[in-house]
J.: 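Mind having a look at this structure? Questions to follow.
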Amino acid sequence: MKTLLTVSLLVVQSCIAFAQNCCANFTLVKKNGHYFTEATINGNANTPVFVETGCSGMTLSVEMYDKLLASLPLDEIKTDEVEWLCSDKRKHRIIKRLRGKVPVGDLMYEGLVLVVDPYDDKVTTPVNLLKYESDTTACLIRFNFKKNMLDYVRHEDVSLEKMRRYTLVTNDPMPIFTSTLELSDTQGHNLSISGNFNFDLGNGSSVFFFRNAMLPILKKNKITISTSRDKAGNIVGQGIFAGYCKIGDKSNTGFSIGITNNKFDFGTGELGCVGPSFFKNGTVILDPENNLIYYK
């Protein structure tokens, strides 16, 4: 009996040690500036996932919802009017608006779930809201853009001393940080302004400005604004060419910055989005517990 008890204790200790040292990780595939992976969602393996941080909730088609999530006890949020999910280029009708928990591999997503039509066969997942329920110490979310890896780690498992940092305003439903923007065009016009930015993993651009917030500021500082048109002469977009752009301690030179056509408002007065390509082959680590974003 003593031997059996000893063996049982060793097994339990081994399991605890394994759980303490495990690390959820996802291999990312980059296509057209966006990141994709596969994950087990509610027990359904190899589900294609659009990896996001700049969205309000997990988003999927009616068909994918019926296949993956219909069995879950999600709370439906009833609305009297037809609602739409709008991006800068597309519009989707919201069929169901739900809230609850969705298992994603060894992690758990808790938040808004949007069932929309039309939509593709991928589940848009706000990876900044994935957490271990059984291990609350694994609270850092690391994006390694050189190795195209996403993992969830503890503070003691990474070295943060030499990394630069932004201050998080919020991480739910999306990571929004505050910083100072320094910008100049190729004509010598420049500006400096402090404000909030959305760290948007799904953004294919390095930086993307919100029209309502930034267009008046760009015009006031005489930053050169270019307009793109289609073959019929219709305006399809606006943007600037940044000779120099610095956000916090990170700077890039010689790249285009688009300006949204839509009037986005997430309630925290963002100037725009910062995408992963702004950090090139660097690393970004979200620390929601301490309201920080580390980067290098």
Side-chain angles (χ1 to χ4, degrees), residues 33 53-55 87-88 128 141 143 145 160-228 235-288 290-296:
T53 57
C55 59
S87 66
D88 199 46
N128 56 299
I141 307 167
F143 305 93
F145 297 123
L160 302 171
E161 290 78 11
K162 295 183 179 180
M163 297 189 74
R164 300 162 182 174
R165 61 185 68 180
Y166 298 125
T167 300
L168 267 176
V169 176
T170 181
N171 184 56
D172 190 356
M174 57 193 73
I176 296 172
F177 66 91
T178 183
S179 189
T180 298
L181 164 72
E182 296 178 23
L183 180 70
S184 64
D185 61 15
T186 55
Q187 308 301 315
H189 306 119
N190 55 73
L191 65 85
S192 177
I193 184 173
S194 295
N196 295 338
F197 297 87
N198 181 357
F199 172 60
D200 184 3
L201 195 67
N203 197 324
S205 305
S206 296
V207 180
F208 207 61
F209 288 149
F210 293 155
R211 174 175 296 275
N212 276 11
M214 282 300 297
L215 196 57
I217 297 170
L218 295 171
K219 290 180 176 179
K220 179 181 179 180
N221 290 274
K222 300 180 179 180
I223 300 293
T224 303
I225 299 172
S226 301
T227 300
S228 58
I235 296 176
V236 294
Q238 287 183 303
I240 68 169
F241 187 79
Y244 177 79
C245 179
K246 183 179 181 183
I247 301 176
D249 292 320
K250 182 66 178 177
S251 63
N252 282 324
T253 58
F255 68 100
S256 297
I257 299 177
I259 302 171
T260 59
N261 292 323
N262 292 331
K263 299 176 181 179
F264 290 113
D265 183 7
F266 297 113
T268 57
E270 290 98 313
L271 301 179
C273 296
V274 178
S277 58
F278 187 71
F279 304 95
K280 297 183 178 178
N281 290 325
T283 299
V284 174
I285 299 175
L286 297 184
D287 183 359
N290 294 305
N291 297 319
L292 292 170
I293 297 180
Y294 297 92
Y295 64 97
K296 64 178 180 180

J.: Main chain of Gly188, side chain of Asp185: is a donor-acceptor contact present, judged purely on distance under 3.5 Å?
T.: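 Yes, the answer is positive, given that a donor and an acceptor are paired below the 3.5 Å cut-off.
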
J.: Quick one: does any side-chain atom of Thr260 pair with a main-chain N or O of Arg211 as donor and acceptor, under 3.5 Å?
T.: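 Such a contact is found between Thr260 side chain and Arg211 backbone.
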
J.: Please evaluate residues Phe255 and Cys245 with respect to the criterion side-chain contact (heavy atoms from CB on, under 4.5 Å), reporting the C-alpha separation (whole Å), side-chain torsions for both, the decisive distance (0.1 Å), and the verdict.
T.: CA-CA 9 Å; Phe255 68 100; Cys245 179; 3.7 Å; yes

J.: Measure across Thr283 and Met163 and return the closest heavy-atom pair with its distance rounded to 0.1 Å.
T.: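 Scanning both residues completely, I find the closest heavy atoms to be O-CE, 3.8 Å.
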
J.: Is any side-chain heavy atom of Ile293 less than 4.5 Å from a side-chain heavy atom of Leu286?
T.: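 They are in contact (side-chain heavy atoms under 4.5 Å apart), so the answer is yes.
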
J.: Quick one, Ile257 with Ser205, criterion side-chain contact (heavy atoms from CB on, under 4.5 Å). Give me CA distance, side-chain angles, the key distance, then yes/no.
T.: CA-CA 7 Å; Ile257 299 177; Ser205 305; over 6 Å; no

J.: Determine yes or no for a side-chain-to-main-chain donor-acceptor pair under 3.5 angstrom, with Asn252 supplying the side chain and Phe278 the backbone.
T.: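 Yes, because the side chain of Asn252 sits within donor-acceptor range (under 3.5 Å) of the backbone of Phe278.
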
J.: Using a 4.5 Å cut-off on heavy atoms from C-beta on, say whether the side chain of Phe199 contacts that of Tyr295.
T.: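 They are not in side-chain contact.
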
J.: Kindly determine whether Leu215 and Ile259 satisfy side-chain contact (heavy atoms from CB on, under 4.5 Å), including the steps that lead there.
T.: CA-CA 8 Å; Leu215 196 57; Ile259 302 171; 4.1 Å; yes

J.: What's the verdict on side-chain contact (heavy atoms from CB on, under 4.5 Å) for Ile225 and Ile240, showing C-alpha distance, side-chain angles and the deciding distance?
T.: CA-CA 5 Å; Ile225 299 172; Ile240 68 169; 4.1 Å; yes

J.: Suppose we screen for side chain to side chain donor-acceptor pair (under 3.5 Å). Which residues come up paired with Ser277, at least two apart in sequence or across chains?
T.: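 With sequence neighbours excluded, Ser277 shows a side chain to side chain donor-acceptor pair (under 3.5 Å) to Ser206, given in chain and number order.
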
J.: Sub-3.5 Å donor-acceptor pair from the side chain of Asn128 to the main-chain atoms of Asn171, do we have one?
T.: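 At least one qualifying donor-acceptor pair exists.
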
